[in-house]
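One is the number of the first residue; the rest follow in order along the sequence.
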Amino acid sequence: DAVQRIRFLKSIDTLYINGLRLERELLESISHLSNLRNLKFRHVEVSPDDFALLRELVDIEYLEISYSNIDDSAVELLSSLPVSQYLRLFGTEVTQEGVAKISKQLDSVKIFYGHGGFLGVAAPQAVVTQVVPGSAADLAGIQLEDRLDLVGDAPIKNFDELRSELGKYRVGEPIQVTLTRAPESRRRLRMLPAPIPDDKPQPDKEGEQPSEDQVIVVTVKLGEEPSY
């Protein structure tokens, strides 16, 4: 009954489905949501034939499929869906070659593709400003203000490069991350208000934390992107 009632929820513009097998009846109900603009599937199993029902949706702006069994057998179908702005394929079985074929058909749609491995940092300009608690980065000891220099052998200069490189790895796959860490004394100073002009930084005392930047290599076992 709940599945049947979905089609009558005309005001819905965003639908998020997590951890279900997408039966044909459910997809039929979704296909009747005329105001639907954002559609997210996570940990779902679906057959391409049933997924074709989504062609009935008139204007999907954002479609996300993550950690799903969908693969290159669905490339032709994905290329025909009425997605107007953004398609995100993350942790699926679709290959890079499959994504290239989709891109040719959906040439005005921004497509993000990744294998599903998740580090768990925010790092504009490759400098860590946030570490997700319990994430792969947190467990590996990556800290705020660390500068991420390399993922494997690939140099990282900004967050887009970091995201692109991490997208090559799957959940559970170990990678090496090379980072530069400033000494604790300088990290503390950056977080404090600016000193008055007469203040002078005190030299490090013997036996305290190192005063030079440290280059650190950590092995990280990538996790799964949390659901939001």
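- Counting only heavy atoms from C-beta outward, the side chains of Tyr16 and Glu64 never approach each other to under 4.5 Å.
- Within the 4.5 Å cutoff, no side-chain heavy atoms of Asp149 are placed close to those of Pro155.
- Residues Ile12 and Leu53 are members of one and the same hydrophobic cluster, defined by side-chain heavy-atom contacts under 4.5 angstrom among Ile, Leu, Val, Met, Phe, Trp and Tyr.
- Here CD of Glu28 is found 10.0 Å from CD of Glu56. Values are rounded to the nearest 0.5 Å.
- Listed for the Asp72 side chain is no donor-acceptor partner under 3.5 Å among the backbone atoms of Val75.
- Of the N and O atoms on the side chains of Arg37 and Thr14, not one donor lies less than 3.5 Å from an acceptor on the other residue.
- One distance of note links CD of Glu23 with OG of Ser29; it measures 12.0 Å at 0.5 Å rounding.
- With a 4.5 Å cut-off on side-chain heavy atoms, Gln85 and Lys110 do not count as touching.
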* Please assess Asp146 against Thr180 for the test side chain to side chain contact (heavy atoms under 4.5 Å, CB included), listing each intermediate value before the final yes or no. => CA-CA 6 Å; Asp146 285 348; Thr180 300; over 6 Å; no
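- For the salt bridge (charged side-chain N to carboxylate O under 4.0 Å, His left out) test with Glu225, the passing option among Arg163, Arg88, Arg170 is Arg88; the others fail.
- Note: the hydrophobic cluster containing Ile65 also contains Leu15 (ILVMFWY, side chain heavy atoms under 4.5 Å, direct or indirect links).
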* **Test log, rule side chain to side chain contact (heavy atoms under 4.5 Å, CB included), inputs Val217 and Val177** => CA-CA 6 Å; Val217 180; Val177 176; over 6 Å; no
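- The minimum heavy-atom distance linking Lys168 with His115 is given by the pair O-CD2, 3.2 Å.
- Atom OG1 of Thr95 is separated from atom CG of Leu89 by 10.5 Å, given to the nearest 0.5 angstrom.
- Atom CD of Glu165 sits about 9.0 Å away from atom CG of Asp153, to the nearest 0.5 Å.
- Atom CD1 of Ile156 is separated from atom OG1 of Thr178 by 10.0 Å, given to the nearest 0.5 angstrom.
- Both Leu26 and Leu77 sit in one connected hydrophobic cluster of ILVMFWY residues. Membership requires side-chain heavy atoms under 4.5 Å apart, directly or through other members.
- Scanning both residues, Ile102 and Ser79, for their nearest heavy atoms gives CA-OG, 3.4 Å.
- A donor-acceptor contact shorter than 3.5 Å links the side chain of Asn69 to the backbone of Val46.
- Put simply, the side chain of Pro183 does not reach to within 4.5 Å of the side chain of Glu212, judged on heavy atoms.
- In terms of heavy atoms, Leu57 sits closest to Pro82 at O-CG, 2.7 Å.
- Remark: the backbone N or O of Lys104 is not paired with any side-chain donor or acceptor of Asp107 at under 3.5 angstrom.
- Checking side-chain atoms of Glu173 against main-chain N and O of Tyr169 turns up no donor-acceptor pair under 3.5 Å.
- Looking at heavy atoms from C-beta onward, Thr129 lies out of side-chain contact with Leu144 at the 4.5 angstrom threshold.
- The side-chain heavy atoms of Val109 and Tyr62, taken from C-beta on, include no pair separated by under 4.5 Å.
- One finds the CG atom of Leu36 at 10.0 Å from the CG atom of Asp59 (value rounded to the nearest 0.5 Å).
- Looking at every heavy atom in both residues, Glu224 comes nearest to Phe118 through C-CB, 3.7 Å.
- The closest side-chain donor-acceptor pair between Ser47 and Asp49, if any, does not fall under 3.5 angstrom.
- Counting all heavy atoms, side chain and backbone alike, Val44 lies closest to Ser68 at O-OG, 3.2 Å.
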* To do: Kindly indicate, with the supporting measurements, whether the criterion side chain to side chain contact (heavy atoms under 4.5 Å, CB included) is fulfilled by Leu166 and Val151.
  => CA-CA 8 Å; Leu166 290 173; Val151 172; 4.3 Å; yes
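- A pairwise comparison of heavy atoms in Ser84 and Glu61 identifies OG-CA, 3.4 Å as the closest pair.
- In the hydrophobic clustering of ILVMFWY residues, with side-chain heavy atoms under 4.5 Å counting as a link, Leu150 and Val121 come out apart.
- Side-chain contact between Leu81 and Leu63 is present, with heavy atoms from C-beta onward closer than 4.5 Å.
- Aromatic ring orientation, Tyr67 versus Phe90: perpendicular (interplanar angle above 60°, classes split at 30° and 60°).
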* **Working for side chain to side chain contact (heavy atoms under 4.5 Å, CB included), residues Ser80 and Gln105** => CA-CA 8 Å; Ser80 68; Gln105 298 299 317; over 6 Å; no
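- Leu162 and Ile216 fall within the same hydrophobic cluster, where Ile, Leu, Val, Met, Phe, Trp and Tyr residues are linked whenever their side-chain heavy atoms come under 4.5 Å apart, directly or through other members.
- Two residues are said to be in side-chain contact when any heavy atoms from C-beta on lie closer than 4.5 Å; Leu222 and Val220 meet this criterion.
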